Amino acid sequence: MARAYDVQAIERKWQDRWAEERSYEVDADDPRPARYVLCMYPYPSGPAHQGHVRNYAFGDLLVRFRTMQGDAVLSPYGFDSFGLPAENAAIRTGEHPRTFTEARIAELKSSVRRLGAVYDWRREVRSHDPAFIRWNQYIFLRFLEAGIAYRANAPVNWCPGCQTVLANEQVLADGTCERSGDLVVQRDLEQWFFRITNYADELLDALDPLEWPERVKVMQRHWIGRSEGVEFDLPLVDDPEGRSLRVFTTRPDTSFGMTYAVIAPEHPLVDALTSEAQRAAVEEIRAAAARATELDRTSGASPEKRGAFTGGSVVNPFTQAAIPVYVADYVLMRYGTGAIMAVPAEDERDWDFAAAHGLPVVRTTQPPDGFEGGAWTGDGEKINSAFLDGLDVAAAKERAIDWLEEQGIGHRTVNYRLRDWLVSRQRYWGCPIPVVYCPTHGIVGVPDDQLPVLAPDDVEFLPRGDSPLARHPTFRHATCPVCGGPAERETDTMDTFVDSSWYFLRFCDPWAEDRPFDPAAARHFMPVYQYIGGIEHAILHLLYARFYTKALIDLGVAPGTPREPFTRLFTQGMIRMDNKKMSKSKGNLVSPERYLDSVGADALRLFHLFAGPPADDMDWTAQTDEVIDGCGRFLERVWRLTVEAGEGPWRHDAPTRADDELVRATHRLVAKVGNDLERWSFNTAVAACMEFANTLQRYRREADGGPHRPTYDAAVDALLLVLAPMTPHMTAEAWERRFGADARIHAQSWPAFDPELAAEATVTMVVQVNGKVRDRIEVAPDISEDEARRLALGSAKISEALNGAEPARVIVRPPRLVNVVTGRG
RNA sequence: GCCCGGAUGGUGGAAUCGGCAGACACGAAGGCCUCAAAAGCCUUUGCUCGAAAGGGCGUGCGGGUUCAAGUCCCGCUCCGGGCACCA
């Protein structure tokens with residue numbers, strides 16, 4: 001291959017330059033406007049894969065583009081370096097997770113460098129660094145003091161064979177342990193939680209103004225799952241203690257149709273309600289529910305098998321009728337009150353259950369005419385509902401709630417699907433939870449001056465599924481910071497989502513030694529102006545990071561406003577191959593390295609920009625290599641047009657019409673690329689550059705007496721400048737060759753354009769007859785309506801198409817279109 | 001089941017506000033250059049009828065609104081994703 005330039009040498013040279021010249025290091029006292037651009041920090045699993053390349057092609061483009069526009073762009077990089085893969089590797093090979101992880105970081109770092117993406121490497125943050133662990137633990141302790149961190153019983157997956165807790169992923173579809181094959185059971189264990197539910201309303205309401213993809217906002221709203229309703233009491237029939245069953249509903253308007261009630265198998269009133277005759281049946285449901293994980297419980301069993309009559313009854317306060325109480329696994333103890341009123345006429349689950357158990361149905365909303373289904377959940381006139389009759393659903397809800405409150409048996413309330421965040425993990429390779437348990441003082445936080453609590457290295461990694469920390473001979477032994485007596489150290493570590501919930505704040509001031517970060521530095525850079533990452537983080541990471549930001553502000557650790565960390569979010573599409581996500585675990589990675597070794601980083605980056613809309617998924621196919629080669633060919637062509645512009649002949653005389661056209665095309669290019677980059681339409685920005693290169697080439701070929709030197713030079717400069725954020729190496733080298741050893745294209749200002757010149761000199765006006773194109777006329781862009789009509793009707797082709805028919809209407813949309821409509825059209 | 005996307009040439013895609021469908025690229029075909037090849041350059045390339053000029057059809061399917069629909073409305077099909085008993 002006869003290359004126009006030495007790709008490898010040039011890319012290496014400029015990567016070295018950028019590192020030496022530190023042009024992308026930015027400080028909090030920089031006078032330029034601060035702009036924080038961040039790609040989600042990666043889990044280090046080895047060399048960069050195509051997903052990284054795509055992510056950083058977008059991110060680096062933005063960093064360089066905004067810098068050329070005059071902003072001080074904060075572009076940090078780090079590693080989400082705690083996590084299960086390193087621990088699993090340790091179990092497999094015996095290699096310590098730290099050495100394993102640091103080797104993977106080194107690989108990822110060097111391949112990221114080869115992409116030519118620029119970062120402020122001084123700010124590198126790694127989750128497993130003692131400095132990060134220290135402040136992670138410091139924040140945990142503030143959460144503990146504030147009551148945001150708390151300990152509670154929670155149902156976990158317990159393997160009796162391994163005597164340990166399992167993550168959901170370690171439980172197979174049939175409910176057995178992936179290691180021992182034993183049946184996994186639900187068991188309540190003490191676990192650490194963060195009270196994210198305190199922020200449920202703010203997390204929901206604050207979504208609205210965010211410039212995020214709508215579907216991500218929808219997913220978060222659904223995840224939070226706010227529902228407004230009412231709780232009220234149903235007195236037990238014949239209960240010597242006079243107890244009541246409390247239920248939650250969002251449809252109090254349907255209360256007159258309540259023909260039975262259902263309670264969760266774990267509900268404390270199950271025993272009180274169960275009759276001797278029904279005890280065996282109820283126990284069966286309870287045992288099955290206790291055995292099954294929630295996953296199994298929510299899928300599958302037939303309606304008859306899912307519940308049983310308790311033998312007990314409660315009173316429906318609206319009708320004063322006694323109704324039977326059933327126990328069923330589809331009612332969850334953790335949501336609402338763990339008990340529901342069942343209205344089969346207006347709830348599909350209740351309908352199915354009622355049908356299976358032969359329970360009565362009373363409609364309270366009049367379904368529309370012709371409705372033949374079962375439950376009607378829509379709006380309609382209330383019927384069979386005494387004082388609610390005639391109201392619509394919304395009004396009846398209000399009236400029913402008012403009535404319950406007047407009677408003093410219920411009150412308005414709100415429930416959320418969102419649960420508190422379970423943060424403890426029975427794992428080694430994570431941030432230790434900094435507390436000890438004292439026999440006299442209970443849970444005591446490790447004092448700040450003893451942080452960080454670091455896990456010992458001399459542990460055994462065994463395939464047991466629990467943390468080696470719990471088996472370490474001395475780690476558990478601690479002294480109580482309050483009394484100095486013997487205490488036991490917490491051996492759980494934190495969920496790795498904790499690390500990623502505030503790393504972007506640490507990036508603002510990673511040097512802080514007396515606090516997690518300087519609030520002034522955070523105030524300078526935050527919020528992240530543009531966050532870029534995968535859609536797979538749409539819910540958990542982004543929700544946790546939002547929660548953390550708010551909690552840290554409320555604790556005075558982070559500066560006050562704004563309370564949202566990520567103003568704009570962009571979620572890139574994933575890369576698929578053979579209809580599967582391209583990933584290491586699927587074993588279908590196409591390594592970027594071979595492209596870096598051949599066509600180079602610029603061509604590979606350009607391909608990722610050009611391949612399609614950044615938000616869309618992309619298929620890696622048999623054709624992909626050819627497209628990448630095409631991107632390389634384009635860059636070589638640009639090189640020849642710009643660097644090897646030739647000896648001439650050149651003209652320096654007055655510009656011709658063809659020269660003027662090139663000037664206009666140049667201004668159009670700058671306008672178009674700038675606009676496209678702003679709106680994340682990178683593929684069309686690349687297309688515009690390619691089109692311009694075609695124009696430039698044609699101009700050179702066709703210019704009589706050679707190209708006009710000033711016109712050609714301006715065109716070349718503009719093309720290089722707009723390409724600079726996309727293909728940084730080639731454009732940097734070309735610029736240096738044109739302007740000398742000190743010239744730096746990325747230090748140039750983003751080019752301006754003249755809107756007058758960017759406008760087309762002439763416009764093709766389409767003339768239609770009855771909507772079909774019959775002629776095209778070149779006209780001035782500012783042509784008047786009358787003139788456009790005159791030209792259109794004067795066209796010979798139009799007369800011919802009309803064939804004597806009289807125009808009934810002429811629609812004129814200058815300068816683009818005239819449509820002549822005849823009577824029959 | 002519910003919610004959200006998407007469907008445009010052989011392929012990836014473009015059409016930013018209802019106004020020329022197919023920009024740009026890949027592939028393919030032909031040509032120039034060359035002893036030959038590679039590279040490069042130049043043409044052609046939605047389907048179809050036609051020798052040509054020119055015509056007809058065409059954005060998943062069926063309707064509708066409009067002078068005009070890839071774009072808006074109604075009803076479907078298929079593909080992808082999210083949530084999956086949250087009362």
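By convention in this document, chain letters (A, B, ...) are assigned in the order of the sequence lines, proteins followed by strands, and residues within each chain are numbered from 1. Keep in mind that what you see is a predicted model, and the values were worked out from it rather than measured.
- Contacts of R226(A) with the nucleic acid, taken as non-hydrogen atoms under 4.0 Å apart, are absent.
- Counting only heavy atoms from C-beta on, N675(A) has its side chain closest to U16(B) among A87(B), U16(B), G56(B).
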Item to complete: Sugar-phosphate atoms are those with a prime plus P, OP1 and OP2; base atoms are the rest. Using that split, label each nucleotide of nucleotides 22-33 of chain B B, S or - for protein heavy atoms under 4.0 Å, 5' to 3'.
Response: -BBSBS------
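- Side chains of T822(A) and N770(A): a donor-acceptor N/O pair is present below 3.5 angstrom, by distance only.
- A side-chain donor from one of Y330(A) and D350(A) sits under 3.5 Å from a side-chain acceptor of the other.
- Considering only side-chain N and O atoms, R215(A) lies nowhere under 4.0 angstrom from the phosphate OP1 or OP2 of G5(B).
- Between the C1' atom of G1(B) and the CG atom of D352(A) lies a distance of 11 Å, rounded to the nearest Å.
- Using a 90° window around 0 for the glycosidic torsion, C72(B) falls outside it and is classed as anti.
- Side-chain N/O atoms of Q697(A) include one lying less than 4.0 angstrom from OP1 or OP2 on C42(B).
- Geometrically, R363(A) does not engage W376(A) in a cation-pi contact defined by less than 6.0 Å to the ring centre and at most 45° from the axis.
- Across every strand in view, A53(B) sits unpaired, with no contact that passes the Watson-Crick or G-U test at under 3.5 angstrom.
- At a threshold of 4.0 angstrom between heavy atoms, the contacts of Q768(A) include nucleobase atoms, whether or not backbone atoms are also involved.
- For Y699(A) and C42(B), the OH to C1' distance is 21 Å, given to the nearest whole Å.
- Base pairing of C83(B) is made with G1(B), judged by Watson-Crick or G-U wobble geometry with both donor-acceptor distances under 3.5 Å.
- Against the 90° criterion about 0, the sugar-base torsion of G10(B) places it in the anti range.
- The partner of C32(B) is G40(B), judged by Watson-Crick or G-U wobble contacts that both fall below 3.5 Å.
- Nucleotide U71(B) forms no Watson-Crick or G-U wobble pair with any nucleotide shown, as no partner meets the under 3.5 Å limit on both distances.
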Just list the side-chain donor-acceptor pairs under 3.5 Å for residues 603-617 of chain A, sequence neighbours left out, or say none.
from    : atom 1 : to      : atom 2 : distance (Å)
R605(A) : NH1    : D60(A)  : OD2    : 3.0
R605(A) : NH1    : L115(A) : O      : 2.9
R605(A) : NH1    : G116(A) : O      : 3.4
R605(A) : NH2    : D60(A)  : OD2    : 2.8
H608(A) : NE2    : Q50(A)  : OE1    : 2.8
D617(A) : OD1    : M574(A) : N      : 2.8
D617(A) : OD2    : R576(A) : NH1    : 3.4

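- Pairing for G22(B) is absent, with no Watson-Crick or G-U wobble pair whose two atom distances lie under 3.5 Å.
- Closest to the side chain of V218(A), from the set C20(B), C3(B), A87(B), is C3(B).
- Heavy atoms of S227(A) sit under 4.0 angstrom from primed sugar atoms or phosphate atoms, though from no base atom.
- Ring orientation note: the planes of W680(A) and F682(A) are tilted relative to one another, at an angle of 30° to 60°.
- Separating the CZ atom of R816(A) from the C1' atom of A15(B) is a distance of 12 Å, rounded to the nearest angstrom.
- Nucleotide U77(B) forms a pair with A7(B), judged by Watson-Crick or G-U wobble geometry with both contacts under 3.5 Å.
- Nearest nucleotide to the side chain of K672(A), out of C20(B), G19(B), U16(B): U16(B).
- In terms of the salt bridge (Lys or Arg N to Asp or Glu O under 4.0 Å) criterion, residue partners of E211(A) (sequence neighbours excluded) are, by chain and number, R568(A).
- The residue T764(A) sits close to a base: some heavy atom pair falls under 4.0 Å.
- Under 3.5 Å, the side chains of S227(A) and N415(A) contain no donor-acceptor pair of N or O atoms.
- Base pairing analysis places U45(B) opposite G27(B); the two distances defining the Watson-Crick or G-U wobble pair are each below 3.5 Å.
- Candidate nucleotides C42(B), A87(B), C20(B) were compared by shortest atom distance to the side chain of Y335(A), and A87(B) ranks first.
- For the residue pair T762(A)/E778(A), the side-chain donor-acceptor check at 3.5 Å is satisfied.
- Residue contacts for K772(A): at a heavy-atom cut-off of 4.0 Å it reaches the sugar-phosphate backbone alone, with no base atom in range.
- Of the nucleotides present, none pairs with C17(B) by Watson-Crick or G-U wobble criteria with both distances under 3.5 Å.
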